[in-house]
Protein chains: 2
Amino acid sequence: MATIYQVSERAGVSLATVSRVMNGNAKVSETTRNKVLAAMAELNYRPNSIAQSLASNCSNSVGMLVSEVHGPFFGEMMSGVENELRTAGKHVIIAAGHSDEASEKEAIEFLISRKCDALILHVDAVTDQYLIDLNERTPVVIINRTIPGLEDHCICLNNELGGYQATKALLDMNHRQIAYISGPLWKHDARERFEGHKRALSEFGLPLDEALCVQGDFHEEGGARAMETLLASAKPFTAVACANDEMACGAMNCARDHKLDIPADVSVMGFDNVIMSRYTFPHLTTIDYPAGEMGRMAACWVRRQIYQDKQVKVRQLFEPSLVLRDSVRQL
Amino acid sequence: MATIYQVSERAGVSLATVSRVMNGNAKVSETTRNKVLAAMAELNYRPNSIAQSLASNCSNSVGMLVSEVHGPFFGEMMSGVENELRTAGKHVIIAAGHSDEASEKEAIEFLISRKCDALILHVDAVTDQYLIDLNERTPVVIINRTIPGLEDHCICLNNELGGYQATKALLDMNHRQIAYISGPLWKHDARERFEGHKRALSEFGLPLDEALCVQGDFHEEGGARAMETLLASAKPFTAVACANDEMACGAMNCARDHKLDIPADVSVMGFDNVIMSRYTFPHLTTIDYPAGEMGRMAACWVRRQIYQDKQVKVRQLFEPSLVLRDSVRQL
DNA sequence: TTGAAAGCGCTACCAG
DNA sequence: CTGGTAGCGCTTTCAA
């Protein structure tokens, strides 16, 4: 592997000059630059990015922490990040936090030890204060969470609005007895979506019926269990809004096990619009969460703020939107 | 940020000694080691991994190339890799190849420029020879493909067997008119699965009916289109085996659009057992592909061969297995 | 067991 | 516009 030194020798210039043509910032005469370029080509020279990082104190890598590496939701998000960052010549190091405070912190330390220039985080368990302190050590951009005092580092979806849209859609279709399967309420997004549900209800002058609200876990099994609870309670309902698509799938399966037809007997509303929601039967009516685009925006934020690429524009706030399919019917 | 130099000063030892206690290979007296450890703790010292990499010529990072970052299949695989490697203190850099030769090569060059110690590849488009040459530059481990001459670098599923198992299961349930929706036949795994299908057929003394075989694209839409073609051809069939779950979903949706009941009118068999297959209706009968475990094994291979961790055991060959659910019925 | 010192390959500052 | 050179923070001989 050729080094910058050999290139400089071959081109008959100094090592510094080679560095200049590589980085293209300082002025180099056309002739010199051509000599260098030729030497590089002849030697098939590739700069050593580790050495560059050490010397420049910039690793050109950004860390990304997601709850789980698998799962359609995070896949879209990582995909957006990877795409955007690689075109900028940066690389992304991924790690999983598993929605657990200790794991999340450990993963973050790991990423920091790798000298990431910035961290893109989708975290549930760590506190706001921790993130604020963390940002003093390494720049962070946070997806799906608003941190007071760090607002300009957050890429958010209006979860409350999404929750509202979901239930509003049900209400507009004349459902009045609407059950709700929430996510774990210690998670911000789960709480916000639930708030939206309540707002829609109250807008229609309906009280929140505690008996029709059950907490799930954002997973299929939890959705199924929640539906089981709902069905067992004997409280009638014509529709159930779920805080994410996975739980909606679980709920649909459970309902079917109880010989209920969807949407004839019960309408089901999801949230996230993960790819899977198009595969279910019936196709899931849900709220679109532009995860890929939000991941891309997090990457753009990094390009702009950290790598000083002022060309790229960043959008921080995203709006959810209703996706009508077949799992909800008009009453 | 404290450097090794400051630690050595504070501990009253040489810089080399600090390095020794960090790496724990050379002998250091108990007292000296404790002094150093104390100094490290007081200064909250973290080694600079970039400098370590430059000096040791080992980046402690491994590149991973998948076809798509999103998608349940690769998610499982990356998840397995990430888990295993992070516990070993290595980090994984991900990139997407999009099943396109130019993109795959570009992504590989990108990973190499990042000085990855090894590359874990799930590639479709590049040639065997390219991979053999590549391995001379950087050690590679290849998932889901057998490269002659590089067998010990391959982590494989017996795709042919899977294809056989799928069709065999259908035959065992007395299906005799079995359609087949293959993947793109330029892809190795698609071809192997198709071979398995043919073997099962011939084992039952059945000829391959070309009119019942259509090539898909491994995506939902392709599966739906293929089913459309099959239905239009007016050739009767009681079951369709699909080369992956996504196409099976597409096929099921298409069949349903044609007012066909699954499995009453037509049985559908998938392949991969991605998470989604549990969410479909009816639940998809499929062939399990242990993608997560195979990813983990690729990581183990790297730990063992590259990082010399002879503790970890590597398994290179995996067998698919039938997962019976509801989309196939006994005739 | 410990220390001194020579790099690893590159950037960036200072002169000229 | 170009060259010289001092690091970046660590690993790894070589001697002691």
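Order of the sequence lines fixes the chain letters, A, B, ..., with proteins taken first and strands second; residue numbering starts at 1 for each chain.
Contact annotation for A:Leu15: base contact, defined as any heavy-atom pair under 4.0 Å involving a base atom. Using a 4.0 Å heavy-atom cutoff across all strands shown, A:Asn57 reaches no nucleic acid atom at all.
Protein atom CE of A:Met40 is 15 Å distant from nucleotide atom P of C:dG9, rounded to whole Å. When rounded to the nearest whole Å, the span between CD1 of B:Ile4 and P of C:dA4 equals 14 Å. The nearest whole Å value for the distance from the CZ atom in B:Arg46 to the P atom in D:dC10 is 13 Å. Taking atom CG on A:Asn25 and atom C1' on C:dA12, their separation rounds to 10 Å, with Å as the unit. Per the geometry, CE belonging to A:Met22 stands 13 Å off P belonging to C:dG9, to the nearest Å. Rounding to whole angstrom units, CD of residue A:Glu30 and C1' of D:dT2 are separated by 16 Å. Following rounding to the nearest Å, B:Leu54 (CG) and D:dG9 (P) show an atom-to-atom distance of 12 Å. For the pair A:Lys35 NZ and D:dC1 C1', the computed distance is 12 Å after rounding to whole Å.
With respect to the salt-bridge test (charged N to carboxylate O, under 4.0 angstrom), the residues B:Lys187 and B:Asp124 qualify. With salt bridges taken as basic N to acidic carboxylate O contacts below 4.0 Å, one links A:Glu109 and A:Arg137.
Proximity note for B:Thr32 (side chain, C-beta onward) versus D:dG3, C:dT1, C:dA4: the nearest is C:dT1. For B:Val28, whose side chain is taken as the heavy atoms from C-beta onward, the closest listed nucleotide among C:dT2, C:dG9, C:dC10 is C:dT2. Proximity note for A:Ala51 (side chain, C-beta onward) versus C:dA12, C:dG9, C:dA5: the nearest is C:dG9. Minimum atom distance to the side chain of A:Lys27 is reached by D:dC1, of the listed D:dT5, D:dC1, C:dG9.
At the phosphate of D:dG3, OP1 or OP2 sits under 4.0 Å from a side-chain N or O atom of A:Ser14. Contact annotation: A:Thr17 side-chain N/O to D:dT2 OP1/OP2 distance is not under 4.0 Å. For B:Ser29 and C:dT2, the shortest distance from a side-chain N or O to OP1 or OP2 is below 4.0 Å. At the phosphate of D:dT5, neither OP1 nor OP2 sits under 4.0 Å from any side-chain N or O atom of A:Tyr5.
Residue B:Asn23 qualifies as enclosed at atom CG: its count of foreign heavy atoms under 6.0 Å is above 12. Atom NZ of B:Lys27 has 12 or fewer heavy atoms from other residues, nucleotides or ligands within 6.0 Å. Counting non-hydrogen atoms of neighbouring residues, nucleotides and ligands closer than 6.0 angstrom, the CD atom of A:Gln311 reaches no more than 12 such neighbours.
Place A:Gln52 and B:Gly12 on DNA chain C by their nearest nucleotides, and B:Gly12 ends up nearer the 5' end. Map B:Val13 and B:Ala55 each onto its nearest nucleotide of DNA chain C; the residue landing nearer the 5' end is B:Val13. With DNA chain D read from its 5' end, the first of the two nearest nucleotides for B:Ala16 and B:Ile50 is the one closest to B:Ile50.
For a distance-only test at 3.5 Å, the side chain of A:Arg20 qualifies as a donor-acceptor partner of the base of D:dG3.
Ring pair A:Tyr289/A:Phe73 is perpendicular by interplanar angle, where above 60° counts as perpendicular and below 30° as parallel.
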